[in-house]
Structures are given as C-alpha cells and as structure tokens.
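Structure, as structure tokens:
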Amino acid sequence: MAGTSGCCAIVDPAMGEAEAASVATQFKALSDATRVRMLNLLARNPELCVCELQAHFELAQPTISHHLGILRRAGLVTSEERGRWAFYRADPDAIRVLAQVLEVDR
C-alpha cells in the first residue's frame with residue numbers, strides 16, 4: 001500500500017467476537033486426536049453409522065457416541081437416526097469456515 005509503512009498499515013479486521021467464539025468451540029472439539037480422526041473419516045465418506053466408525057477405533061460404542069456428540073454440538077457433523085442406528089455426516093460448510101480461518105493470503 002502506498003503511503004503506509006511500519007506498524008500503522010491498514011490491517012484486515014478479520015472476524016468478530018461471536019464468530020471467534022464459535023470457531024474456538026469447533027477447534028476445541030478438534031483438540032482430541034480421536035475426534036480429528038472421526039471427522040476425517042466422515043469428511044471422506046458420504047455418511048457413516050456409529051458401528052462403521054467403531055470398526056476404526058479400539059473404543060466402546062458409548063465412547064464413540066460421546067466423541068460424536070461433541071463434534072455434533074460443535075456444529076462439525078450432523079446426524080440422522082434411522083431405526084436403531086444413527087448416521088453421521090461431516091458438515092462441509094463448517095469445515096470450509098475452519099479452512100478459511102487458517103487460510104493465508106500472501
């Protein structure tokens with residue numbers, strides 16, 4: 001930028017308080033390696049039921065459901081119950097927002 005130098009340059013205002021709080025909740029949900037792996041599996045598949053996810057982890061079904069609940073409350077996954085089974089999907093819009101937060105334009 002012409003006419004600006006040093007510490008007084010115009011700064012991109014980034015995000016507001018509410019958006020930052022929402023994104024922080026999502027990153028907090030991803031602070032656990034198991035949940036990162038679960039979200040990765042869901043992002044790579046159209047949808048998975050709890051039993052399909054459980055096959056990839058040495059965890060009991062209640063623990064899998066606990067982790068999925070954290071991801072769901074953070075808005076990173078959605079779920080749909082069909083009979084006795086719950087099917088989970090990654091929320092592509094939420095993942096795009098997280099990617100944009102970390103995007104570097106230089």
Side-chain angles (χ1 to χ4, degrees):
M1 272 186 206
T4 60
S5 64
C7 67
C8 298
I10 302 297
V11 175
D12 182 346
M15 66 176 66
E17 295 270 338
E19 184 181 5
S22 174
V23 170
T25 298
Q26 292 173 325
F27 277 119
K28 185 175 180 181
L30 293 174
S31 68
D32 181 274
T34 297
R35 291 191 288 270
V36 170
R37 287 182 59 212
M38 285 180 177
L39 184 60
N40 180 262
L41 275 168
L42 290 166
R44 294 172 173 273
N45 293 278
E47 69 177 9
L48 296 172
C49 75
V50 173
C51 63
E52 291 170 317
L53 282 162
Q54 188 175 359
H56 293 274
F57 299 91
E58 293 182 17
L59 299 171
Q61 184 276 324
T63 304
I64 297 288
S65 292
H66 167 76
H67 286 297
L68 289 168
I70 291 170
L71 292 171
R72 190 181 64 248
R73 286 187 297 278
L76 295 168
V77 302
T78 60
S79 65
E80 178 184 334
E81 293 198 21
R82 294 185 216 143
R84 295 179 51 200
W85 302 107
F87 290 83
Y88 287 83
R89 288 174 295 287
D91 184 325
D93 294 330
I95 293 170
R96 271 191 282 283
V97 168
L98 289 180
Q100 289 171 350
V101 167
L102 299 174
E103 189 174 76
V104 178
D105 282 335
R106 293 188 186 177

Discussion item. To the nearest 0.5 Å, what is the distance between CH2 on W85 and CG on L48?
Written reply: 13.0 Å
Worksheet item: Have S22 and Q26 got a donor and an acceptor in their side chains that come within less than 3.5 Å?
Response: no
Item to complete: Working to the nearest 0.5 Å, report the span between CD of Q61 and CG of L53.
Response: 11.0 Å
Fill in: Gap separating the CD1 atom of I64 from the CD atom of E52, nearest 0.5 angstrom
12.5 Å
Discussion item. Could you tell me if the side chain of L41 sits less than 4.5 Å from the side chain of R37, heavy atoms only?
Written reply: no
Discussion item. If hydrophobic clusters are built from ILVMFWY residues whose side chains come within less than 4.5 Å, do V77 and V101 share one?
Written reply: yes
Worksheet item: If every non-hydrogen atom of V36 is compared with every non-hydrogen atom of L30, which pair is closest and at what distance?
Response: CG2-O, 3.1 Å
Item to complete: Look up atom CG in N40 and atom CG in N45, then write down how far apart they are to the nearest 0.5 Å.
Response: 9.0 Å
Worksheet item: By side chain to side chain donor-acceptor pair (under 3.5 Å), which residues pair with E19, not counting sequence neighbours?
Response: none
Practice prompt. Can you see which heavy atom on G75 is nearest to which on A94, and at what distance?
Written response: O-CB, 3.3 Å
Fill in: Any residue meeting salt bridge (Lys or Arg N to Asp or Glu O under 4.0 Å) with E80, in chain and number order, not counting sequence neighbours
R82, R89
Practice prompt. Could you tell me whether the side chain of F57 reaches within less than 4.5 Å of the side chain of T63, counting heavy atoms only?
Written response: no
Practice prompt. Taking the side chain as every heavy atom from C-beta outward, state whether L42 and L76 have any pair of such atoms under 4.5 Å apart.
Written response: no
Worksheet, complete the sentence: Heavy-atom closest pair (M38 atom, L71 atom, distance to 0.1 Å) is CB-CD1, 4.0 Å
Worksheet item: When rounded to the nearest 0.5 angstrom, what is the spacing between OG1 in T25 and CD1 in I70?
Response: 12.0 Å
Worksheet item: Roughly how far, to the nearest 0.5 Å, is CD of Q100 from CD1 of I95?
Response: 12.5 Å
